[in-house]
Amino acid sequence: TFVCTANTTASIPGPLLDRLEVVELSGYTLDEKVSIARLHLLPRQRANHGLSEADLSMTGSVLEFLCDSYTREAGVRNLERKVAAICRARVFKLVQESAAKAESAARDFPRGPCITSEDIWGILG
């Protein structure tokens with residue numbers, strides 16, 4: 001028994017194709033894509049981008065919208081790319097928020113190495 005998989009039969013040489021029994025399978029259903037995204041793609045992309053579940057989560061309806069509106073192919077490759085893009089956008093937002101907090105803290109912290117008693121009161125309250 002020999003099993004072969006391909007996205008298209010166009011690249012399979014004719015003599016080999018003649019000896020194969022071709023079974024065409026349709027792509028994943030919407031529910032299957034949502035399930036794959038929830039159980040596999042989202043956790044993998046969160047880990048790849050250093051995000052926790054608290055940093056980024058998506059409800060089933062959001063995943064369904066993503067699968068239905070932004071992916072057209074039968075598989076899930078493009079879906080994973082879209083999930084990765086969402087993760088990158090979230091990381092960017094978190095970095096911006098962190099930078100804004102650091103900038104605010106830097107304004108409150110005195111400039112230079114010499115701290116005065118007034119600075120200590122301002123820092124410690």
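Since we're looking at a predicted model, the values are computed, not measured.
- Thr9 is not listed as a side-chain neighbour of Leu20, based on a closest heavy-atom distance of 4.5 Å or more.
- Annotation: the span from Leu63 atom CG to Lys33 atom NZ amounts to 12.5 Å, rounded to 0.5 Å.
- Residues Leu39 and Ile86 do not share a hydrophobic cluster, clusters being chains of Ile/Leu/Val/Met/Phe/Trp/Tyr side chains in contact below 4.5 Å.
- With hydrogens and angles disregarded, a donor-acceptor distance shorter than 3.5 Å links the side chain of Thr71 to the backbone of Cys67.
- Using modelled atom types, one side-chain atom of Arg46 and one backbone atom of Leu56 make a donor-acceptor pair closer than 3.5 Å.
- At least one donor-acceptor pair under 3.5 Å links the side chain of Ser69 to the backbone N or O of Phe65.
- Other residues, nucleotides and ligands contribute at most 12 non-hydrogen atoms within 6.0 Å of the CD atom of Glu53.
- Distance alone, capped at 3.5 Å, places no donor-acceptor pair between the Asn48 side chain and the Gln45 backbone.
- Atoms CD1 and OG1, from Ile36 and Thr29 in turn, are 8.5 Å apart once rounded to the nearest 0.5 Å.
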Show, in sequence, the C-alpha distance, side-chain angles and deciding distance for Arg44 and Glu80, and conclude whether the side chain to side chain contact (heavy atoms under 4.5 Å, CB included) test is met. CA-CA 9 Å; Arg44 181 182 346 180; Glu80 185 161 21; 3.5 Å; yes
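- Side chain of Arg90 to main chain of Asp55: a donor-acceptor pair is present (N/O by atom type, distance under 3.5 Å, no hydrogens or angles).
- The closest side-chain heavy-atom distance from Val34 to Leu66 is not below 4.5 Å.
- Rounded to the nearest 0.5 angstrom, Leu79 CG and His40 NE2 are separated by 12.0 Å.
- To the nearest 0.5 angstrom, Ser57 atom OG is 8.0 Å from Leu42 atom CG.
- Taking each heavy atom of Val76 and Tyr28 in turn, the nearest pair found is CG1-CD1, 3.8 Å.
- Checked by atom type and distance alone, the side chain of Arg77 never pairs as donor or acceptor with a backbone atom of Glu73 at under 3.5 Å.
- The closest side-chain heavy-atom distance from Leu51 to Leu94 is below 4.5 Å.
- Atom CG of Asp18 is surrounded by more than 12 heavy atoms from other residues, nucleotides or ligands within 6.0 Å.
- Going from atom CG of Leu41 over to atom OG of Ser35 covers 10.0 Å, rounded to the nearest 0.5 Å.
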